[in-house]
Amino acid sequence: MITILRTSKQLQDYLKHQHLIGFVPTMGALHNGHLSLIDIAKAKSDCTIASIFVNPTQFAPGEDFDRYPRQTEKDIELLEQSGTDAVFVPEILDLYPEGFSETINIGSIGHLLEGKIRPHFFNGVAVIVKKLLLLVRPNCAVFGEKDYQQLLVIKKLVHDFHILTNIIGAPIIRQADGLAMSSRNAYLNNEQKIIAPILYQTLKQLEHSLQQHNPPITSLLNNAKQHLLDAGFSEVDYIELCDSDTLEPIRLPRANARLLAAARLGTIRLIDNIPIYFTL
Ligand code: AMP
């Protein structure tokens, strides 16, 4: 039976009896992407803890905090079936006591790409992940490469605050049509479900073009953006070739490159990324 921990006090009592802890923080509405993180945590620990918490500080006013999919009972069942030992499902006031006001500016990595479009976002992520890591004190915590920039931000966070958790990045789990699994895919209507996989297909086509001899990187990126708009995406927030550690844009083939994109279908925002290996 999975242990359900509803307060930080219950969590702390539970932790007194645990040793090697693997942790998987989530916002719920679980899918196979989340469950793949659980498998990795299980392999690296003798106690796997997941959390389900829709973190208000990473949503700006007008974003989808209120309508973010919530299905806690079903999530707990999925976690139990996947062999998770305990799930932490706190209330907002437990994690954000009255008067809480700390912010974290993670530096340049947090201001690029997602940070430009959603300036509030990485502060919220850094604050909640710091809180959860200090509460759970896991040996390792697993985060998906689906949110590649977030993974880099969290690696910087644990480094900056001397948090002794090993941060593990996990590969992106996709649907058969290539669309990266995401809780927000539940918002897609039938027409949007046909367009959404074109994001990944475009990244893969672009990968192929980038791997040609002497690729005109800027114009290939512009063409890919136009391709997404022609396919029915209402907006492309960015499609960028970056250094995979700093996320600074790159314009010459080199090692450690990553292609990252965010595009909108109406009010639904999709993100995706792939590594690019140039033959140098
Ligand atoms: P979320 O519930 O969206 O905050 O995601 C919780 C964790 O699951 C984050 O570390 C995400 O990067 C990871 N994740 C979400 N979708 C996927 C996916 N398709 N493949 C791998 N990891 C994922």
Side-chain angles (χ1 to χ4, degrees), residues 22-44 48-59 63-65 67-72 74-76 78-79 82 84 87-90 92 95 109 113-114 118 120-133 136 138 140-158 165-188 193 196-197 199-200 203 244 247 258 260-262 268-275:
F23 181 44
V24 178
T26 81
M27 298 208 299
L30 300 185
H31 50 67
N32 285 342
H34 296 112
L35 299 179
S36 74
L37 310 188
I38 297 285
D39 286 341
I40 295 172
K42 272 168 58 181
K44 304 229 171 244
T48 305
I49 302 180
S51 63
I52 299 173
F53 182 68
V54 184
N55 174 37
T57 60
Q58 70 193 63
F59 291 80
E63 289 190 345
D64 57 345
F65 176 73
R67 65 184 186 112
Y68 195 85
R70 288 166 172 87
Q71 47 166 56
T72 309
K74 186 175 166 207
D75 287 344
I76 292 174
L78 287 169
L79 290 171
S82 69
T84 309
V87 58
F88 179 43
V89 280
I92 292 178
L95 292 194
I109 190 98
L113 305 174
E114 287 297 291
R118 307 178 72 197
H120 58 284
F121 178 66
F122 287 120
N123 167 63
V125 167
V127 166
I128 192 62
V129 173
K130 182 180 171 191
K131 279 174 170 287
L132 289 168
L133 294 179
V136 178
C140 71
V142 191
F143 294 85
E145 289 182 347
K146 158 85 191 333
D147 302 278
Y148 186 79
Q149 188 175 7
Q150 171 175 283
L151 174 63
L152 295 183
V153 163
I154 291 165
K155 285 186 173 167
K156 179 147 195 309
L157 177 82
V158 298
T165 298
N166 178 22
I167 302 298
I168 300 172
I172 301 175
I173 304 298
R174 301 179 179 280
Q175 296 179 179
D177 60 14
L179 177 64
M181 289 190 182
S182 164
S183 305
R184 288 190 168 98
N185 292 350
Y187 299 148
L188 296 168
K193 277 184 189 157
L199 180 57
Y200 177 63
L203 292 182
S244 56
L247 296 186
R258 195 124 191 149
L260 299 99
I268 307 164
R269 201 162 171 278
L270 303 177
I271 60 171
D272 205 343
N273 67 88
I274 57 173

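Note that the structure is a prediction, hence the values are computed from the model and not measured. Both counts, for ligands and for their atoms, begin at 1 and track the order of listing.
No side-chain heavy atom of L157 sits less than 4.5 Å from a side-chain heavy atom of I167.
For the pair N273 (side chain) and R258 (backbone), a donor-acceptor distance under 3.5 Å is absent. Side-chain atoms of T26 come within 3.5 Å of backbone N or O of S51 as a donor-acceptor pair. Within the 3.5 Å criterion, the main-chain N or O of S82 finds a donor-acceptor partner in the side chain of K42. Looking at N185, its side chain does come within 3.5 Å of a backbone N or O of A180 through a donor-acceptor pair.
Set against the non-hydrogen atoms of D147, the atoms of ligand 1 under 4.0 Å away are 11 (C), 12 (O). For ligand 1, the atoms sitting less than 4.0 Å from at least one non-hydrogen atom of F143 are 10 (O), numbered in the order shown with element in parentheses. Heavy-atom proximity to M181, at under 4.0 Å, picks out these atoms of ligand 1: 16 (N), 17 (C), 18 (C), 19 (N). Taking every non-hydrogen atom of T26 and a distance limit under 4.0 Å, the qualifying atoms of ligand 1 come out as 2 (O), 6 (C). Near P171, meaning under 4.0 Å from one of its heavy atoms, ligand 1 places the atoms 20 (N), 21 (C). Distances below 4.0 Å separate heavy atoms of I172 from the following atoms of ligand 1: 20 (N), 21 (C).
Annotation: atom 4 (O) of ligand 1 to nearest protein heavy atom, M27 CG, 3.6 Å. Ranking protein heavy atoms by distance to atom 20 (N) of ligand 1, first place goes to I173 N, 2.9 Å. Closest to atom 10 (O) of ligand 1, if we only count protein heavy atoms, is G144 N, 2.9 Å. Of all protein heavy atoms, the one lying nearest to atom 5 (O) of ligand 1 is H34 NE2, 3.4 Å. Residue, atom and distance of the protein heavy atom nearest to atom 23 (C) of ligand 1 are K146 CB, 3.9 Å.
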Checklist entry - salt bridge (charged side-chain N to carboxylate O under 4.0 Å, His left out) between E63 and R269: does it pass, once the steps are laid out? => result CA-CA 10 Å; E63 289 190 345; R269 201 162 171 278; over 6 Å; no
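When non-hydrogen atoms are compared, ligand 1 lies under 4.0 Å from the side chain of L37 (C-beta onward) but not from its backbone. Contacts with ligand 1 closer than 4.0 Å are made by backbone heavy atoms (N, CA, C, O) of P25 only, the side chain lying farther away.
Considering V24, L132, L133 in turn, L133 is the only one that fulfils the side-chain contact (heavy atoms from CB on, under 4.5 Å) rule with P138.
Judged as a side-chain contact (heavy atoms from CB on, under 4.5 Å), and not counting sequence neighbours, the contacts of L247 are I109, L112, L113, Y148, Q149, L152, C242, L260.
Considering all non-hydrogen atoms of both residues, A261 and L203 come closest at CB-CD2, 4.0 Å.
At least one heavy atom of H31 sits less than 4.0 Å from an atom of ligand 1.
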